[in-house]
Amino acid sequence: MGDSIYIHIPFCEHICHYCDFNKVFLENQPVDAYVDALIKEVQLSPQAREQRPIRTIYIGGGTPTALTAKQLETLCQALHKELNLSALIEWSVEVNPDSATADRLNVMKRFGVNRLSLGVQTFSQPILTEIGRTHSPEGVHEAIQKARESGFTNLSVDLMLGLPNQSVADFKESLEKALELDVEHISAYMLKVEKQTVFYNRKKKGTLSLPPEEDDVAMYDLLTEMTKAHGLYQYELSNFGKPGYESQHNLVYWNNLSYAGFGAGASGYEGRVRYQNINPIQKYIDAINQNGIAHYRRHDVSTAEYLEEAVFLGLRKRAGIKKADFKERYGFDLDQLFKYEIASGVKKGLLKDGETALALTEEGLLLANEAFELFVASLDETLYS
């Protein structure tokens, strides 16, 4: 199958008002030292030492394209040197439209990056300003054109629903413009107001104007209808792609498979152990230089947790969970293991329990978290030790 790796670039030239990912303002940061530490962490990893074949790479942030073309080249060159990329099928990089310069794009293409994920969020200039984005709608078209000219044939656009002062008409217009770009993939996420964000502080003060719930539902309905009409099929709650353009790296998460995380604040999941690296940039650099590892939080996933996670992650996929595959991989009959949870979900109209698969209903798509909660901490730990 091959390993999957996530690499975190925490630098941003501007901090968006909704973002709670590990990130810092770029100016005066030790970027070169951070790239060196990243490379050292990769060098000392089991993936490099054992030359495990790497199947997918995802570089996210923050803003990976906050790195200069030279810094990107240094990182990409090191990944080729240290890792076995002979089985690589997908290498994704998150790109901000206003930093999609020709030199950065050409470096990435030259070293084998074959998928770009552009953080667009909306095509409404007033809403872009409201959420703290610095690119313009016109800049998105320019970025797409540059990416195509650089040879990229797998482009994904990120959109957001439920943004402050966003109407259903606003979202429809943004979705239409995204579809007009004829990209291979669209991801669309509902805004969730997280702690340690500008929006969280504004919400506490009562100054954040969010759409009503019925508008959120209407936006999601438009999303599923319009993407389908344009040949993008929904393969996950928030992801829509042309056939053959599903995000292979993200499927690793939804299929409950292992992956390695590199960089400040990055998470990984290997050998039934979930871990997270230190968040602060300098502390991460110091830990790597001193110890070659920066883990500060580790959690041994119990068998009960492992089985529960397999279900609520697998249900994110539109096709749901194939019962035969679950039995083969985990050694348990899905219908028997979660008999009461499945029955409850069916009764509530959230789950459809077919002969060969368990999946969310149309209503379950809108109330997915309620469906997932049925399976959280549902198994008796003492019976699955």
Side-chain angles (χ1 to χ4, degrees), residues 20 159-162 171 186-194 210-225 227-228 232-241 246-247 250-257 267 269 274 299 301-381 383-384:
D20 73 326
L159 297 176
M160 294 184 73
L161 301 74
F171 178 72
I186 289 178
S187 298
Y189 302 100
M190 190 70 67
L191 172 67
K192 185 177 179 182
V193 180
E194 303 281 6
L210 297 176
E213 185 176 331
E214 57 266 28
D215 282 7
D216 290 343
V217 172
M219 290 181 207
Y220 191 80
D221 286 342
L222 277 172
L223 173 66
T224 57
E225 293 166 7
T227 49
K228 183 177 180 180
L232 301 178
Y233 83 99
Q234 182 179 21
Y235 67 98
E236 193 267 349
L237 283 175
S238 302
N239 288 272
F240 307 78
E246 304 87 350
S247 171
N250 286 336
L251 281 166
V252 168
Y253 304 144
W254 304 321
N255 286 327
N256 201 27
L257 298 171
S267 296
Y269 180 38
R274 293 195 182 277
H299 173 66
V301 177
S302 69
T303 300
E305 288 176 304
Y306 185 52
L307 295 168
E308 291 161 1
E309 289 174 358
V311 177
F312 63 74
L313 288 170
L315 283 174
R316 293 191 63 91
K317 296 180 295 180
R318 196 67 182 91
I321 303 164
K322 293 182 179 179
K323 295 180 180 181
D325 291 348
F326 188 93
K327 179 69 178 291
E328 181 179 357
R329 179 174 174 189
Y330 300 102
F332 292 92
D333 185 287
L334 181 65
D335 289 323
Q336 292 301 315
L337 188 64
F338 294 105
K339 179 179 179 179
Y340 299 106
E341 292 80 9
I342 292 172
S344 177
V346 170
K347 185 176 180 180
K348 293 178 179 180
L350 303 174
L351 299 175
K352 53 183 177 182
D353 185 21
E355 184 177 340
T356 61
L358 178 71
L360 294 175
T361 61
E362 295 299 321
E363 184 178 358
L365 291 174
L366 296 169
L367 300 171
N369 286 335
E370 186 177 334
F372 301 158
E373 285 170 6
L374 294 170
F375 301 93
V376 176
S378 62
L379 296 178
D380 185 342
E381 292 277 358
L383 298 179
Y384 303 94

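Summarising the geometry of A319 relative to A357, their closest heavy-atom pair is O-CB, 4.2 Å, with the distance given to 0.1 Å. Listed here is the closest heavy atom pair of V193 and L210: CG2-CD1, 4.2 Å. Between L257 and R329, the shortest heavy-atom distance links the atoms CD2-NH2, 3.5 Å. Across D216 and G162, no two heavy atoms sit closer than the pair OD1-CA, 3.4 Å.
Residues satisfying the side-chain hydrogen bond (donor to acceptor under 3.5 Å, both in side chains) test with N255, not counting sequence neighbours, are K317. D215 meets the side-chain hydrogen bond (donor to acceptor under 3.5 Å, both in side chains) test with no other residue; sequence neighbours excluded. By the side-chain hydrogen bond (donor to acceptor under 3.5 Å, both in side chains) test, Y233 pairs with E246, sequence neighbours left out. For the side-chain hydrogen bond (donor to acceptor under 3.5 Å, both in side chains) test, no residue two or more places apart in sequence or in another chain qualifies with S344.
Here the CG atom belonging to L223 is positioned 11.0 Å from the OH atom belonging to Y189, to the nearest 0.5 angstrom. Here the CG atom belonging to L366 is positioned 6.0 Å from the CG atom belonging to D221, to the nearest 0.5 angstrom. Interatomic distance, L237 CG to S187 OG, rounded to the nearest 0.5 Å: 11.5 Å. Residue S247 holds its OG atom at 5.5 Å from CH2 of W254, rounded to the nearest 0.5 Å. Note that CZ of F372 is 5.5 Å distant from CG of L360, once rounded to the nearest 0.5 Å.
Remark: E214 CD is packed, more than 12 non-hydrogen atoms of other residues, nucleotides or ligands lying under 6.0 Å away.
Using a 4.5 Å heavy-atom threshold, the side chains of K228 and F240 count as separate. Using a 4.5 Å heavy-atom cutoff, the side chains of S238 and M190 are not in contact. Residues N256 and Y269 have side chains in contact (heavy-atom distance under 4.5 Å, counting atoms from C-beta outward). Put simply, the side chain of L161 does not reach to within 4.5 Å of the side chain of L191, judged on heavy atoms.
Pairs of residues two or more places apart, or lying in two chains, that qualify as ring pair (Phe, Tyr, Trp, His ring centres under 6.0 Å) and include a residue from residues 334-357 are F338-F375. Listed by first and then second residue, the salt bridge (charged side-chain N to carboxylate O under 4.0 Å, His left out) pairs involving residues 356-368 are R318-E362 (not counting sequence neighbours). Sorted by first and then second residue, the salt bridge (charged side-chain N to carboxylate O under 4.0 Å, His left out) pairs with a member in residues 341-350 form an empty list; sequence neighbours excluded. For the side-chain hydrogen bond (donor to acceptor under 3.5 Å, both in side chains) condition, no pair includes a residue of residues 367-377, sequence neighbours left out.
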Table please: side-chain donor-acceptor pairs of residues 321-328 below 3.5 Å, with sequence neighbours left out.
from: K323; atom 1: NZ; to: D335; atom 2: OD1; distance (Å): 2.9
from: K323; atom 1: NZ; to: D335; atom 2: OD2; distance (Å): 3.1
from: K323; atom 1: NZ; to: D353; atom 2: OD1; distance (Å): 2.6
from: K323; atom 1: NZ; to: G354; atom 2: O; distance (Å): 2.6

Distance-only criterion, 3.5 Å: show the donor-acceptor pairs between side-chain atoms of residues 304-311 and protein atoms not counting sequence neighbours.
from: E305; atom 1: OE1; to: H299; atom 2: NE2; distance (Å): 3.0
from: E305; atom 1: OE1; to: S302; atom 2: N; distance (Å): 2.9
from: E305; atom 1: OE1; to: S302; atom 2: OG; distance (Å): 3.3
from: E305; atom 1: OE2; to: H299; atom 2: NE2; distance (Å): 3.1
from: E308; atom 1: OE1; to: A377; atom 2: N; distance (Å): 3.2
from: E308; atom 1: OE2; to: S378; atom 2: N; distance (Å): 3.0
from: E308; atom 1: OE2; to: L379; atom 2: N; distance (Å): 2.9
from: E309; atom 1: OE1; to: R274; atom 2: NH2; distance (Å): 2.8

Stepwise side chain to side chain contact (heavy atoms under 4.5 Å, CB included) check, L358 with L315: CA-CA 8 Å; L358 178 71; L315 283 174; 4.1 Å; yes
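Side-chain contact check for E236 and N239: at least one donor-acceptor pair (N or O, by modelled atom type) lies under 3.5 Å.
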